[in-house]
Amino acid sequence: MNIENATPLLRVEKLNKSYAKGIGNRHRTQILRDVSFELRRGQTLGLVGESGSGKSTTAACVMGLTDADSGLIEFDGVNLTTLSKPEMRRMRRRIQMVFQDPNGSLDPRFTVADLVEEPLIVHGVKDPAERSRRVSEVLDRVGISVKQAERYPFAFSGGQRQRIAIARALVLNPDLVVLDEPVSALDVSIQAQVLNLLSELQDELGLTYLFIVHDLAVARLMSHHIAVMNAGEIVEAGPSADVFENTTHPYTRALLDAVPGAHRRSAQQRTAQQGTTAALAAAGMADALEGK
Ligand SMILES: Nc1ncnc2c1ncn2[C@@H]1O[C@H](COP(=O)(O)OP(=O)(O)OP(=O)(O)O)[C@@H](O)[C@H]1O
């Protein structure tokens, strides 16, 4: 067994998070309850669950965007919850995020080349020639030409904008990328292209993904492991095939049964939303992922 793969890159243990509510903030709502999972280098953990189950809050804690009340977040052997703000900012170079809406990270006043260069400037890469080389390299990887990069974000389609957001996240050579519903705002055929790209980038660069996703077909195709969240708790976790095909938890069963048309399909088909799966297969996605 590969020793490197045996050690998790990310280990979350008994993470708890609550928010104040009510008059004078006298009460607290528990959002995360003892959330624990591990994510190995080069692998994808799909975090699935209904809206409001706590997926994005978990991601925000991992990214250091909000503080947990208690628990451990260990990244490459370092407990992130004990880092000072400047230490966490430095660590953020290695942990990047891609959001559902690429527009949030693409300021329309800047060219694509400038937008992709910005993280390098923020993280102190001083040499302009080095910055320029890295920007061209990463844009090339996501399929945007140097000439196109002189344009502004509004000149691109939704799928291309998400590619640019991915380039911006990858330009710092991160180890871990948190993907928060990165394709759910895209047309199904474009979803397949972006998912293919993410899969290729993972293989080429050895990236590790924490993939927040509500579409179970996408979760199944992209994830080595799945963690199912319900009301702030992980109710079921394991290798993707086990979770989807030998479901043990009633909540996971209910999620799978809620997929449109589930009652018409066999147990094996139940995890896939037909339209999405057909488009993913047409784009070669299923083949590309078969070896995982
Ligand atoms: N800053 C906040 N203050 C108070 N409550 C919050 C805050 N952020 C999130 N919540 C609450 O935490 C719960 C979990 O939200 P979260 O966004 O983590 O869920 P989610 O599973 O990612 O859902 P979605 O897919 O809709 O984003 C929700 O009930 C939400 O209203």
Side-chain angles (χ1 to χ4, degrees), residues 10 12-37 39 44-73 80-81 85 88 95-105 158 162 165 169 176-186 188 191 194-195 198 209-223 225-237 240 243-244 247 249-260 271 273 276:
L10 178 69
V12 170
E13 206 175 284
K14 291 195 175 297
L15 197 66
N16 284 279
K17 171 78 185 168
S18 60
Y19 285 110
K21 68 162 190 179
I23 299 160
N25 289 339
R26 273 181 296 141
H27 304 287
R28 296 194 75 79
T29 310
Q30 192 74 22
I31 305 294
L32 302 181
R33 294 166 203 274
D34 287 342
V35 168
S36 302
F37 59 85
L39 177 48
T44 299
L45 175 73
L47 200 52
V48 305
E50 286 171 307
S51 184
S53 57
K55 306 180 299 292
S56 297
T57 304
T58 304
C61 291
V62 169
M63 298 294 298
L65 301 175
T66 187
D67 292 331
D69 300 342
S70 63
L72 174 84
I73 304 172
L80 299 184
T81 61
K85 295 276 180 227
M88 187 61 203
I95 310 172
Q96 293 291 312
M97 191 155 182
V98 175
F99 296 92
Q100 177 177 8
D101 179 7
N103 298 326
S105 60
Q162 195 57 297
L176 173 66
V177 184
V178 178
L179 302 163
D180 193 348
E181 302 280 7
V183 296
S184 56
L186 305 175
V188 167
Q191 282 189 17
V194 173
L195 292 173
L198 289 168
Y209 292 149
L210 177 59
F211 199 131
I212 295 170
V213 54
H214 73 273
D215 183 327
L216 299 182
V218 173
R220 171 81 168 91
L221 282 166
M222 294 297 287
S223 312
H225 287 81
I226 294 285
V228 183
M229 281 195 93
N230 179 27
E233 285 182 273
I234 292 185
V235 295
E236 184 166 6
S240 192
V243 170
F244 285 113
T247 305
H249 198 278
Y251 177 75
T252 315
R253 180 82 286 131
L255 271 187
L256 292 172
D257 287 343
V259 171
T271 57
Q273 280 176 305
T276 308

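These numbers come from the heavy atoms of this one structure, side chains and all, not from hydrogens, waters or symmetry mates. Start at 1 and go down the list; that is how both ligands and their atoms are numbered.
- For atom 5 (N) of ligand 1, the nearest protein heavy atom (residue, atom name, distance) is Y19 CD1, 3.3 Å.
- Shown in contact with I31 at under 4.0 Å from a heavy atom are these atoms of ligand 1, numbered in order with element: 11 (C), 12 (O), 13 (C), 14 (C).
- The closest side-chain donor-acceptor pair between S56 and D180 falls under 3.5 angstrom.
- Residues F211 and V218 meet the side-chain proximity criterion, which asks for heavy atoms closer than 4.5 Å.
- Protein heavy atom closest to atom 29 (O) of ligand 1, with residue, atom name and distance, is G52 O, 4.2 Å.
- In this structure a side-chain-to-backbone donor-acceptor pair under 3.5 Å is present from E236 to H249.
- E50 is linked by a salt bridge (Lys or Arg N to Asp or Glu O under 4.0 Å) to nothing, counting only residues two or more places apart in sequence or in another chain.
- At a distance under 4.0 Å, a protein heavy atom can be found next to atom 13 (C) of ligand 1.
- Regarding atom 18 (O) of ligand 1, its nearest protein heavy-atom neighbour is T57 OG1, 2.5 Å.
- Under a 4.0 angstrom heavy-atom cut-off, E50 registers as being in contact with ligand 1.
- At least one heavy atom of G54 sits closer than 4.0 Å to an atom of ligand 1.
- For ligand 1, the atoms lying closer than 4.0 Å to a non-hydrogen atom of S56 are 17 (O), 18 (O), 20 (P), 22 (O), 27 (O).
- Donor-acceptor pairing under 3.5 Å is recorded for the side chains of T66 and K17.
- The nearest protein atom to atom 25 (O) of ligand 1, hydrogens excluded, is given as K55 NZ, 3.3 Å; this is a heavy-atom distance.
- The only option from L256, V235, T247 that meets the side-chain contact (heavy atoms from CB on, under 4.5 Å) definition with V228 turns out to be V235.
- Some N or O of S53 is nearer than 3.5 Å to an N or O of ligand 1, by distance alone.
- In this structure, atom 26 (O) of ligand 1 lies nearest to the protein heavy atom S51 OG, 2.5 Å.
- No side-chain donor from either of S53 and N230 sits under 3.5 Å from a side-chain acceptor of the other.
- Using a 4.5 Å cut-off on side-chain heavy atoms (C-beta onward), R220 and L216 make no contact.
- In terms of polar-atom proximity, defined here as any N/O pair under 3.5 Å, T58 makes no such contact with ligand 1.
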